[in-house]
Amino acid sequence: MEKETLEPPLTLPAEAMRALGYRVVDMLVAHTETLPARPVSGVAPRAEVEEKLWEPLPEEGAPPEVLLEQLERDVFAHVSHVDHPRFFAYIPGPGNFVSVMAEALAAGFNVFAGTWIGAAGPSMLELVTVDWLRQLCEMPEGAGGLFVSGGSVANLTALGAARHAKLGDRKEGAIAYCSDQTHSAVARALHVLGFAPGQLRTLPADAYFRLDLNTLRQAGLPDRR
C-alpha cells in the first residue's frame, strides 16, 4: 500500500514568516525613500506586461522570495504612483507608512467588523473616529457615518441610504439630479440601485463648477407635476 502524500501546509514556520515580513517592510521603505526621484508613471503597453506575466496555470507554488522579486521587477514597475509628490491627477489618496502598517494589522488579525459580536473593539474604534470627524467638521450631535473603501462605495452607500429614507426603498417615479461635473460613480451607483438612465438628470454647472440652485429648482418643477 502506497504511503499517502500529504499536501504542504498553507502556513509558514515562524522564522519564515519573520523573514518574509522583514523583506516586505524593506520593499516598502525603499519605495517610500526613493519615490521622489523616480518617474511618476511606469505604465507599459499591455503586450509588454503580458509577455512578462502571462503563463500557464502553475502546478506548484513558488517560494515567496521569488514572487516578491517578480512583483518588484514586473508588477510594481508598471504602475502610476498615486503617492508620488508630483502626482496631480485623479482621486486616490497617497497614504503613508503608518497607514500601511495599520492595513497589515487589520489584514493579519483578519478583522471582520460586520457584527458587534465579531469585532466589538474595531467597531467601537470606528464609532469613536467617525465622531472625531463629526467634531472636526462641526456637525451636530447624533450625526454619524461609517468608513468605506473609497468614493465609489461612499456614493453607492449614500444613495442607498437616501433611497431608503426618502422612498422607502422604492424607485419608481424618482428622479436624481447632478451637475455635469459629477463623477461617473454616481451614475453607476444609481444603476446598481436599480434606477433607469432616464431617472438621472444632468444639469450644467456654473463658471465655478457649482450646481446652480435656480437651475436645479427649474429642472425639478416638471418632475414634481
Could you walk me through whether H31 and R38 satisfy the side chain to side chain donor-acceptor pair (under 3.5 Å) test, starting with their C-alpha distance in whole Å, then the side-chain angles of each, then the deciding distance to 0.1 Å, before giving a yes or no?
CA-CA 10 Å; H31 165 75; R38 287 186 279 131; 3.2 Å; yes
Please report the interatomic distance [atom1]([X]) to [atom2]([Y]), rounded to the nearest 0.5 Å.
X    : Y    : atom1 : atom2 : value
E172 : Q199 : CD    : CD    : 8.0 Å
N214 : D206 : CG    : CG    : 11.0 Å
Q70  : L53  : CD    : CG    : 5.5 Å
R73  : L68  : CZ    : CG    : 11.5 Å
L190 : I175 : CG    : CD1   : 10.5 Å
L125 : F147 : CG    : CZ    : 8.0 Å

Hey, does the side chain of [X] reach the backbone of [Y] with a donor-acceptor pair shorter than 3.5 angstrom?
X    : Y    : value
H81  : D83  : no
T182 : C178 : no
E126 : G145 : no
H164 : D169 : no
D180 : P204 : no

Check ion pair [X]-[Y] (N to O, under 4.0 angstrom):
X    : Y    : result
E72  : R23  : yes
D212 : R217 : no
R134 : D131 : yes

Got [X] and [Y] here, is their nearest side-chain heavy-atom distance under 4.5 Å?
X    : Y    : answer
N96  : S99  : yes
V49  : W54  : no
V40  : H84  : yes
V43  : S80  : yes
F97  : V25  : yes
R201 : D223 : yes

